[in-house]
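The block underneath contains the structure these notes are about, expressed in structure tokens.
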Amino acid sequence: MNPTLPSPPVRPARQESAWAPLAARVFRALWIAQLVSNIGSWMQMVGAQWLLIGHDAALVTLVQTASSLPVVLLALPAGVVADRYDRRRVLLVTQGALFAVSGVLTALTFADLLTPVLLLVLTFLLGCGTALMGPAWQAIQPELVERRQLGQAAALGGVNMNLARAVGPAVGGAVVAAADPAWVFAFNAVSYLGIGVVLLLWRRPAHSPVPHGEKWPAALDAGRRFVWHAPGIRRVLLRTLLFVPGGAALWALLPVVANRSLRLGSGGYGLLLGAVGVGAVAGAFVLPRSNRKLGANRTLGCGALLFAGVLVVLATVREPWLVTLALLFAGLAWIAVLSTLNAAMQTQLPGWVRARGLAVYLLVFQGGQALAAPLWGTLAAALGVTVALLSAAALLVVCAVSLRRWPLREGEETDPSPSAHWPAPPLVFAPGPATGPVLVTVSYRVAPENGTAFTERMEHVGRARRRTGALTWGLYQDGQDPARFIENYLVASWSEHLAQHEVRLTLADRHHEDRARLLLVPGTRPEVTHAFDTSAGTVVPSSPAARVP
């Protein structure tokens with residue numbers, strides 16, 4: 001299935017509409033192609049689940065696990081690939097692979113050779129393709145629209161997915177009932193070609209991010225380090241982890257509810273999924289206004305409570321029309337929560353690590369679904385579907401209540417635009433890229449009355465150093481000269497330190513540095529030195545300290 005995470009608008013206006021990004025030609029073409037592909041993916045999901053509907057509930061839920069589990073295995077490597085190589089080419093290769101796997105699935109179904117095991121294996125391979133393209137797909141969004149529109153883009157991407165959910169399951173259910181699941185698999189295979197054609201015709205802008213030549217282990221570690229030392233990003237991931245497992249119960253158990261509780265056929269199941277999609281599309285129109293009035297955290301809380309209420313209805317109501325009505329609100333809640341979380345990620349990630357950061361988000365999102373789905377299926381098989389759905393609803397209530405303790409961080413300085421404000425290091429020799437580790441020392445003179453405030457502001461600077469490459473960081477005060485503060489941080493190699501200078505620093509990092517330097521003794525400047533580990537064989541002539549302007 002194509003990435004469920006947002007894609008957005010372009011063209012300034014006093015109050016831009018939620019559809020504004022479609023004014024951008026490439027974004028519009030990709031959005032339409034993605035819509036067709038997402039419709040095919042939902043048709044495929046209905047066909048796959050319905051082929052297994054006669055089996056145990058736990059086996060039916062494994063279709064969702066097979067689709068989502070590859071993200072757990074491949075998200076981080078896929079993020080490195082998308083940050084190190086041309087993202088357009090990465091997307092083209094994965095679309096070709098998805099087309100090939102879908103073709104095999106179609107051929108086996110037409111030949112009546114598809115077993116449950118083969119179905120799950122091929123669904124898993126399709127999930128692998130989706131996992132590999134997910135970070136690259138998300139990371140190109142800022143190349144298609146302006147940064148201020150990323151929130152709208154996230155919502156518009158959600159509209160795409162949920163519009164497909166409104167159409168795909170209904171069409172898929174009708175096709176399965178009237179003909180054969182092989183035809184929905186065939187449509188899904190052909191649907192990948194549209195995205196491939198648009199990507200072939202797209203020429204990336206000249207200002208597109210250029211990979212810095214990181215090696216694989218270093219690139220993986222850099223992504224991990226960035227996420228770990230970015231409190232705002234960590235809070236988004238926490239909110240995702242708290243919401244997704246409870247929400248996964250709906251997608252995992254809805255086929256069972258449709259078949260056993262509501263006595264509906266494949267067409268009825270498709271209509272139930274379609275109701276979720278209609279609700280999500282309607283929610284896209286409400287979301288911009290609700291976010292302005294409620295803010296991100298209240299939107300997340302209301303969305304979690306509303307989704308919990310829908311699960312209670314699914315667990316207790318046996319009237320199809322009432323369940324269908326409730327599922328409209330499930331779609332609204334789903335897009336409200338996921339669009340808010342995705343927009344928060346997009347607006348905080350700098351270009352050099354965007355795909356890796358989004359890969360971690362996809363890992364938490366899809367991994368939560370993949371791991372939770374079989375648990376809900378097992379619980380439903382052991383204690384009944386009603387108990388499983390009510391348990392998931394209780395988990396979502398806990399998620400909403402926890403916002404008081406662990407809210408998203410709003411209103412902080414998080415501008416991820418690049419800022420190469422550090423001057424080139426004035427060395428007396430030219431280190432090789434692998435030379436290191438490098439010890440960077442920065443000396444400051446701070447008036448005694450500003451010492452405490454300086455230390456507090458430098459905590460933000462320290463996190464920025466770690467996010468951009470520092471293995472260790474510390475701030476010390478001279479025991480003989482209390483006005484002198486010394487900052488030390490260790491970087492693994494010279495190439496890592498150059499990456500800090502050239503591509504990794506952001507306007508947010510500069511903001512924190514400037515705030516700390518406002519407290520320096522007037523007329524003084526920080527003094528910077530770069531020292532190299534002599535045990536690694538690097539011995540160089542002494543160099544005077546360089547002053548940072």
Side-chain angles (χ1 to χ4, degrees), residues 212 222 225-226 229-231 350 352 412-431 435-534 538 540-549:
H212 197 71
R225 189 168 53 238
F226 180 91
H229 294 291
W352 70 271
E412 295 187 353
E413 179 58 49
T414 56
D415 190 345
S417 303
S419 175
H421 58 276
W422 287 0
L427 302 182
V428 296
F429 83 119
T435 302
V438 182
L439 178 65
V440 182
T441 303
V442 189
S443 177
Y444 306 89
R445 296 204 65 79
V446 181
E449 65 272 16
N450 291 334
T452 300
F454 178 76
T455 301
E456 292 174 353
R457 293 184 183 184
M458 285 298 290
E459 286 297 321
H460 293 283
V461 175
R463 281 198 291 267
R465 306 287 198 237
R466 290 188 174 104
R467 281 197 301 270
T468 57
L471 301 176
T472 62
W473 179 87
L475 182 68
Y476 307 88
Q477 187 174 18
D478 193 327
Q480 294 180 321
D481 182 3
R484 183 170 179 257
F485 285 77
I486 304 163
E487 176 193 11
N488 284 332
Y489 61 95
L490 192 69
V491 186
S493 67
W494 186 242
S495 64
E496 283 277 300
H497 186 53
L498 286 182
Q500 288 180 304
H501 276 262
E502 297 168 4
V503 297
R504 293 185 179 177
L505 292 174
T506 67
L507 291 178
D509 298 332
R510 183 170 189 168
H511 167 79
H512 292 306
E513 290 180 19
D514 290 344
R515 287 186 71 246
R517 293 182 183 191
L518 288 174
L519 301 176
L520 300 186
V521 173
T524 67
R525 297 179 179 180
E527 294 185 344
V528 183
T529 59
H530 299 80
F532 297 84
D533 184 8
T534 57
T538 304
V540 299
S542 60
S543 175
R547 291 187 178 274
V548 176

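Basis for what follows: all heavy atoms, side chains included, without hydrogens, waters or symmetry-related copies.
Atoms CZ and CG, on R465 and L490 in that order, are 13.5 Å from each other to the nearest 0.5 Å. Here L439 contributes atom CG and Y489 contributes atom OH; the two are 9.5 Å apart, rounded to the nearest 0.5 Å.
With E527 contributing its side chain and S443 its backbone, the two residues share no donor-acceptor pair below 3.5 Å. Looking only at distances, no side-chain donor or acceptor of D514 sits under 3.5 Å from a matching main-chain atom of H511. R445 places no side-chain N or O within 3.5 Å of a backbone atom of V521 that could act as its donor or acceptor partner.
When all heavy atoms of T435 and F532 are compared, the closest pair comes out as CG2-CD2, 3.7 Å. When all heavy atoms are compared, the tightest approach of F226 to P350 is CZ-CD, 3.4 Å. Here the closest heavy-atom approach between residue L475 and residue T455 is recorded as CD2-CA, 4.1 Å.
In summary, of the residues considered (R463, H229, E459), a side-chain contact (heavy atoms from CB on, under 4.5 Å) with W473 occurs for E459 alone. For the side chain to side chain donor-acceptor pair (under 3.5 Å) with Q500, the qualifying choice from H497, E502, R504, E496 is H497, the only one to do so.
Within the 4.5 Å cutoff, no side-chain heavy atoms of T506 are placed close to those of R467. Using a 4.5 Å heavy-atom threshold, the side chains of D509 and S419 count as separate. Within the 4.5 Å cutoff, no side-chain heavy atoms of F485 are placed close to those of D478. Here the side chains of Y444 and M458 are in contact, with some heavy-atom distance below 4.5 Å. Looking at L427 and W494, their side chains come closer than 4.5 Å, going by heavy atoms from C-beta outward.
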Are H421 and L507 close enough, and set up right, to give a side-chain contact (heavy atoms from CB on, under 4.5 Å), and what steps lead you there? CA-CA 9 Å; H421 58 276; L507 291 178; over 6 Å; no

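A salt bridge does not link E456 to R515: none of the charged side-chain nitrogens sits closer than 4.0 Å to a carboxylate oxygen.
Classification of the H530-H501 ring pair by plane angle, with boundaries at 30° and 60°, yields tilted.
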